[in-house]
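What you are looking at is a predicted structure, and each value in this text was computed from that prediction instead of being measured.
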Amino acid sequence: PWNGVVGLRLKQALYDPEKLATVNSSKIAIDLARAQEKRLMAEREEEIVKAWYSIMLSKAKQEFAEKDNVRNKNNEALISDQLNSGRALATDLREAQLKTMESQINNETIGLDLFNAQVYLSYMMGYDSVQLILPKESLTLPAEVRKTEQITSLQAVIEQRPDVQEQKI
């Protein structure tokens with residue numbers, strides 16, 4: 001009593017160059033995006049290291065500027081005593097006072113540079129609020145680090161750089 005015909009039609013392309021090109025271009029775009037992400041991360045790490053060393057350099061400069069400031073104040077006091085005893089001129093005292101003021105301004109400028117470097121480092125590290133970071137390291141290196149090590153394969157080092165990997169894609 002039930003007489004019917006059931007059928008199924010399947011159409012499958014064996015070779016579709018348009019679809020293949022789309023898939024290949026998608027893979028290339030993904031590889032390029034990954035390479036760009038690596039390059040951006042490397043650039044960010046480089047900026048963090050630059051900011052870190054900028055802080056260390058500013059800290060070292062500030063120590064020297066503070067010593068210079070103390071030296072100039074002592075020199076000014078000495079010249080003031082010599083002026084009172086008649087062994088120095090008023091122009092010598094004014095010159096010493098100018099040097100003292102210059103060293104104070106230099107010290108304050110270096111302090112502001114240090115603060116700016118700390119703010120930039122906290123920004124690059126992703127802190128929402130300003131957290132002033134002061135490295136514990138100093139710029140003097142231990143003797144074993146001062147010895148330069150030769151790079152055995154410069155080409156291998158260059159190949160690992162993210163910007164070179166991005167250009168290969």
pair Lys73-Asn69: side-chain heavy atoms closer than 4.5 Å: yes
Taking atom CG of Leu78 and atom CG of Leu83, what is their separation to the nearest 0.5 Å? 11.5 Å
Is it true that Leu121 and Val49 fall in one hydrophobic cluster, defined by side-chain heavy atoms closer than 4.5 Å? yes
For the residue pair Asn72 and Thr100, confirm or rule out a side-chain donor-acceptor distance under 3.5 Å. no
Within a 6.0 Å radius of atom CD on Glu37, are there more than 12 heavy atoms belonging to other residues, nucleotides or ligands? no
Can you sort out the partners of Asn107 under side-chain hydrogen bond (donor to acceptor under 3.5 Å, both in side chains), two or more places apart, ordered by chain and number? none
Determine, for Glu63 against Lys67, whether the closest basic-nitrogen to carboxylate-oxygen distance falls under 4.0 angstrom. no
When you compare the side chain of Asn75 with that of Lys99, does any pair of heavy atoms fall below 4.5 Å? no
Just wondering, do Glu66 and Val70 contact through their side chains at under 4.5 Å, heavy atoms? no
Ser122 side, atom OG; Gln118 side, atom CD - distance, nearest 0.5 Å: 9.0 Å
Taking Tyr120 as the starting point, is it possible to reach Ile48 by hopping between hydrophobic residues whose side chains are less than 4.5 Å apart? yes
So does Glu76 get a backbone contact from the side chain of Ser80, meaning a donor-acceptor N/O pair under 3.5 Å? no
